[in-house]
Amino acid sequence: GQKEFILLVATNPRVIVMLSIVVHCGSSRYLSKLHVEKNEPNLRLPVENSMHRLTSDQLQLQERAQVLAETVIAPRAAEIDRTEEYPWDNVDALTKAGFMGMTIPHSHGGAGLGYLEAALVVEEMAKVCGSTARIVVEGNMGAIGAIMAYGSEKQRALAARLVLAGDEPAICITGPD
């Protein structure tokens, strides 16, 4: 059998990237880039509808995430759901493992990895704890992604320092009233 996880990434209001991670039971793991849409003429989109083997570095990252998920995150997942307690100990474990701020550029102290690598970690955490998976999303893609892309240098430096230290970014959405 196989499981498919869809990840939508909005890199700006005109670009939407949809990745599908297809996990085949057994020894093969692949990434399928389903499509990229951009409202811009003459854009050449590479590797449309193709399958790619994960690199050895990506497989090692995925394995490290799986081990952390199974040994540290999973044992408390039901308790976290039951008590609705924020899992700061999980954030600490994610930070120590290097799973927070993975997408932050080297110039700001991060690993400079892409959304694919972050999605691999999200996937492993989601298998055992949805709350912790969401923390990995926010620590690599959500608010931190927007700040790193559109923030001032001062904002990027501050946000990177906080996330890399284990402070989870958050998004607040409100209406005009």
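Along the sequence shown, the residues carry numbers beginning at 1.
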With a 4.5 Å heavy-atom cut-off, do Asn140 and Val136 have their side chains touching? yes
Measure the shortest side-chain to side-chain distance between Leu61 and Met102 over non-hydrogen atoms and say whether it is less than 4.5 angstrom. yes
So do the side chains of Gln62 and Gln58 get within less than 4.5 Å of each other, counting heavy atoms only? no
Separation of Leu54 CG from Leu120 CG (nearest 0.5 Å): 5.5 Å
Here the pair of heavy atoms bringing Trp88 nearest to Asp167 is CH2-OD1, 4.4 Å
Can you measure from CE (Met100) to CG (Leu164) and round to the nearest 0.5 angstrom? 9.0 Å
I'd like to know if Arg156 and Glu153 make a salt bridge, using a cut-off of under 4.0 Å between side-chain N and carboxylate O. yes
His108 (side chain) donor-acceptor with Ala160 (main chain) under 3.5 angstrom: no
Grab the two heavy atoms, one from Thr95 and one from Ala165, that are nearest each other, plus how far apart they are. CG2-C, 4.0 Å
Of all heavy-atom pairs between Tyr115 and Thr103, which one has the smallest distance, and what is that distance? CD2-CG2, 4.1 Å
If you define the side chain from C-beta out and look only at heavy atoms, does anything of Leu158 sit under 4.5 Å from Arg161? yes
Check whether any side-chain N or O of Gln155 sits under 3.5 Å from a backbone N or O of Ser152 as a donor-acceptor pair, and report yes or no. yes
Does Glu79 form a side-chain contact (heavy atoms from CB on, under 4.5 Å) with Glu85? I'd like the steps, not just the answer. CA-CA 8 Å; Glu79 177 189 350; Glu85 170 190 335; 4.3 Å; yes
One should read off an interatomic distance between Thr132 OG1 and Arg76 CZ, to the nearest 0.5 angstrom, of 8.5 Å
Separation between OG of Ser131 and CE of Met125, rounded to the nearest 0.5 Å: 13.0 Å
Shortest non-hydrogen pair, Ala97 vs Arg64, comes out as O-NH1, 3.0 Å
Provide the closest heavy-atom pair for Ile80 versus Pro87 in the form atom of the first, atom of the second, distance. CD1-CB, 3.5 Å
For Cys129 against Ile73, the heavy-atom pair lying closest together: CB-CG2, 3.6 Å
Between Met141 and Val122, is a side-chain contact (heavy atoms from CB on, under 4.5 Å) present by the stated rule, with each step listed? CA-CA 10 Å; Met141 300 174 189; Val122 170; 4.3 Å; yes
Quick check for you: to the nearest 0.5 Å, what is the distance between Leu94 atom CG and Leu68 atom CG? 6.0 Å
